[in-house]
Amino acid sequence: MRFRYEILLCKHELVLYYVTIEDTYDVIKRAHIATSHGGRDRMIKETAKKYANISREALELFISYCEECQKKRKRPVTKGVVVQPILTDGFSSRGQVDLNDMQSMAQGSYKWIMVYQDHLTKFCVLRPLSSKRAAEVAHHLTDIFLLFGPPYILQ
Ligand SMILES: [Zn+2]
């Protein structure tokens with residue numbers, strides 16, 4: 001019996017409140033002050049103790065408008081420059097095609113250089129093109145694929 005009671009107590013402590021849209025600002029502000037201008041993750045921890053529906057976006061928005069937090073953060077925000085490396089698991093699993101514009105240095109009728117590169121091995125094949133029409137590109141790609149097989153992914 002005692003055991004069951006404890007479980008109930010435990011559950012009772014886990015009650016979370018849904019905040020109405022009108023109260024959201026005040027709840028976030030209180031949490032922000034309670035964490036002494038805490039960052040997003042600390043705010044998430046703080047609000048998640050009591051509230052069920054304070055979103056990460058709302059917290060980020062609040063912090064982005066807090067003057068004191070913006071003063072503290074001096075370095076410019078450089079978002080979106082993190083390059084995720086693409087992992088490849090074998091030869092011909094990923095091939096990449098690029099067209100280099102050589103129109104200013106045309107050699108006879110050839111104005112483009114097509115570069116096909118295997119992503120893993122960096123093995124590359126160059127082809128001169130007179131145009132960047134799909135038919136011409138496809139013709140050369142087919143030729144390359146007949147030489148050592150098509151890639152699983154072509155980018
Ligand atoms: Zn702040």
Side-chain angles (χ1 to χ4, degrees), residues 1-105 111-127 129 131-134 137-138 140-141 144-145 149-155:
M1 276 312 273
R2 202 173 146 256
F3 184 59
R4 285 185 77 157
Y5 180 64
E6 274 172 5
I7 286 172
L8 279 173
L9 250 186
C10 207
K11 271 191 175 171
H12 181 74
E13 280 173 16
L14 276 173
V15 165
L16 293 175
Y17 297 92
Y18 272 85
V19 186
T20 61
I21 198 82
E22 301 90 76
D23 291 335
T24 302
Y25 177 83
D26 288 324
V27 165
I28 293 176
K29 192 177 176 184
R30 243 180 285 136
H32 195 54
I33 289 163
T35 56
S36 49
H37 290 273
R40 186 198 62 198
D41 293 338
R42 275 178 66 202
M43 299 261 293
I44 289 173
K45 257 190 177 172
E46 179 71 17
T47 53
K49 283 184 208 162
K50 242 180 128 179
Y51 306 105
N53 63 332
I54 301 293
S55 70
R56 170 187 297 256
E57 289 75 22
L59 294 173
E60 281 172 350
L61 188 68
F62 184 94
I63 292 164
S64 75
Y65 280 104
C66 175
E67 257 180 61
E68 212 156 308
C69 283
Q70 293 315 305
K71 263 190 254 164
K72 267 193 284 177
R73 172 185 291 194
K74 275 183 191 137
R75 65 187 171 86
V77 183
T78 47
K79 264 188 176 173
V81 288
V82 181
V83 178
Q84 281 277 25
I86 298 169
L87 299 174
T88 319
D89 47 26
F91 178 69
S92 253
S93 75
R94 190 185 286 267
Q96 189 171 348
V97 190
D98 281 305
L99 291 179
N100 291 344
D101 189 343
M102 305 296 283
Q103 288 176 103
S104 57
M105 291 177 272
K111 294 170 187 135
W112 301 84
I113 296 175
M114 186 181 102
V115 184
Y116 175 83
Q117 188 171 42
D118 181 69
H119 198 269
L120 179 75
T121 60
K122 307 299 175 201
F123 183 80
C124 92
V125 180
L126 305 176
R127 289 296 166 92
L129 303 186
S131 74
K132 55 175 193 173
R133 281 182 303 120
V137 173
H140 284 283
L141 276 181
I144 292 165
F145 294 168
Y152 185 67
I153 300 163
L154 179 64
Q155 73 185 47

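The analysis underlying the following values was restricted to heavy atoms, covering all of them including side chains, and did not include hydrogens, waters or symmetry mates. Just so you know, ligand 1 is whichever comes first in the structure, and atom 1 is the first atom listed for that ligand. Numbering starts at 1 and runs along the sequence shown.
The closest donor-acceptor contact from the side chain of Gln70 to the backbone of Ile63 lies under 3.5 Å.
Taking 4.5 Å as the limit, every side-chain heavy atom of His140 sits out of range of all side-chain heavy atoms of Val125.
The two residues Thr35 and Met43 have their closest heavy-atom pair at OG1-SD, 3.9 Å. Closest approach of Val27 and Tyr51 over heavy atoms only: CG1-CE1, 3.3 Å.
By the neighbour-count criterion of 12 heavy atoms within 6.0 Å, atom CD of Glu67 is sparsely surrounded, having that number or fewer from other residues, nucleotides or ligands.
Tally of protein N, O or S atoms closer to the Zn ion (ligand 1) than 2.8 Å: 4.
In terms of the ring-ring contact (aromatic ring centres under 6.0 Å, His included) criterion, residue partners of Phe145 (sequence neighbours excluded) are, by chain and number, Tyr116.
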